[in-house]
Amino acid sequence: MSQTAPTSTKTFASHADVEEKQVSFDQLSPHAWAYTAEGDPNTGIVIGDDAVMVIDTQATPVMAEDVIRRIRQVTDKPIKYVLLSHYHAVRVLGASAYRPEHIIASQDTYDLIVERGEQDKASEIGRFPRLFRNVESVPPGLTWPTITFTGKMTLWLGKLEVQILQLGRGHTKGDTVVWLPQDKVLFSGDLVEFDATPYAGDAYFQDWPQTLDKIAALKPEKLVPGRGRALQTPAEVAAGLEGTRAFVSELYAAVKAGAAAGRDLKTVYRETFDALAPKYGQWVIFAHCMPFDVTRAYDEATQYPDPRIWTAERDIEMWKALEDVK
Ligand SMILES: [Zn+2]
């Protein structure tokens, strides 16, 4: 299906997205599984000798119960760890369902939860009604990490080495990947997407490609992206990295050129949408992401080195300025 042209009236964010997706639960290696759903946010699962780690939780505890049900079809080991690849509510707010002993995140992610967790929660719930199914099951307040790290930490699940790595900024300041060196499987969070549009409203465009280089340098043979199906061969991993890199680089180059020429955000938005739609318009959430992505890219190219906080109100205001909101 082709994307709606930016000159026509578009429904705010993902409010027109109501169709339920088909869940897949795929094994990648002796220890790694992927819970994916046709471009909806993914959850990764690592099954060690003595415990299970869940990477990103789903948006609500009720939705996380379906992940737990699949895990229980393949193991009865305790789910001791939840790893947050970054702070976004759609990946974090299901955490309580797992009743983990520990919730692990980078110190940068912890700092972002302190700084903007409440605003992000309200903003994301407003954007994605379908993805916050049974939002009333989310406990009050925020999901707080109980272990934080800087740069790298290693978790041993018995004899299984689980490397938790912060390779650089990209999708957010706190991006964290999980790497299983024995199995050569990588869980990327939203640093890598496949057949799905990278959300870049909180991104660091200049840094993102270099962070992808660092992922590539690990030579993962399999990769679970933030959205999209599990990538099961080195060729598919390369395609996922390349697609994400191309989108991020082309979007930023287009916005930077428009900003340097002195054009305003709305003009740059329309030009960039038209330039990218033929190549990327078929990716899921393209029309949802573009206003946020171009706004952040314009900020980074002009006067805001760090992403400004999105609030439910700012989301609507921005959307009205760039699209005719319904
Ligand atoms: Zn995200």
Side-chain angles (χ1 to χ4, degrees), residues 13-14 17 34-37 39-44 54-60 63-64 82-95 103-106 108-113 115-128 130-132 138 142-143 145 166-178 186-205 207-208 211-212 215 223-228 240 243-244 247-248 251 283-286 288-297 300 306-312 315:
S14 285
D17 173 359
Y35 180 98
T36 68
D40 277 356
N42 292 338
T43 292
V54 167
I55 301 153
D56 294 336
T57 73
Q58 300 291 306
T60 67
M63 294 174 74
V82 162
L83 182 285
L84 308 179
S85 69
H86 61 289
Y87 74 97
H88 284 150
V90 75
R91 300 184 172 275
V92 164
L93 295 182
I103 297 176
I104 304 168
S106 66
D108 284 322
T109 288
Y110 187 95
D111 293 345
L112 286 165
I113 295 170
E115 181 197 44
R116 57 183 69 191
E118 285 291 356
Q119 292 96 324
D120 177 71
K121 181 178 180 180
S123 156
E124 291 198 51
I125 290 171
R127 294 179 193 183
F128 300 108
R130 180 178 61 78
L131 286 182
F132 284 90
V138 176
L142 299 172
T143 303
Q166 208 184 351
L167 298 173
R169 301 184 300 190
H171 176 70
T172 71
K173 181 173 75 173
D175 293 338
T176 297
V177 305
V178 174
L186 189 126
F187 299 85
S188 69
D190 282 325
L191 277 170
V192 181
E193 312 291 19
F194 189 73
D195 274 346
T197 311
Y199 172 74
D202 303 303
Y204 288 83
F205 278 93
D207 294 12
W208 198 330
T211 305
L212 295 175
I215 291 176
L223 186 148
V224 179
R227 289 171 176 265
T244 305
F247 176 87
V248 167
L251 188 148
W283 283 357
V284 296
I285 64 168
F286 180 79
H288 170 123
C289 288
M290 284 300 286
F292 296 100
D293 289 9
V294 172
T295 299
R296 169 58 195 145
E300 185 172 335
D306 292 303
R308 288 187 284 154
I309 296 174
W310 291 104
T311 64
D315 288 1

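Whatever order the structure lists ligands and atoms in, that order sets their numbers, starting from 1.
The number of protein N/O/S atoms found under 2.8 Å from the Zn ion (ligand 1) is 4.
In this view, Asp108 satisfies the salt bridge (charged side-chain N to carboxylate O under 4.0 Å, His left out) rule with no residue, not counting sequence neighbours. The salt bridge (charged side-chain N to carboxylate O under 4.0 Å, His left out) check on Asp56 picks up Arg91, with sequence neighbours excluded. Not counting sequence neighbours, Asp306 has no partner by the salt bridge (charged side-chain N to carboxylate O under 4.0 Å, His left out) test.
Taking the six-membered ring where the residue is Trp, the centroids of His171 and Tyr204 are separated by 6.0 Å or more.
The pair Arg127-Asp315 meets the salt-bridge criterion, since a charged nitrogen lies less than 4.0 angstrom from a carboxylate oxygen.
Ring planes of His86 and His88: perpendicular class, angle over 60° (limits at 30 and 60°).
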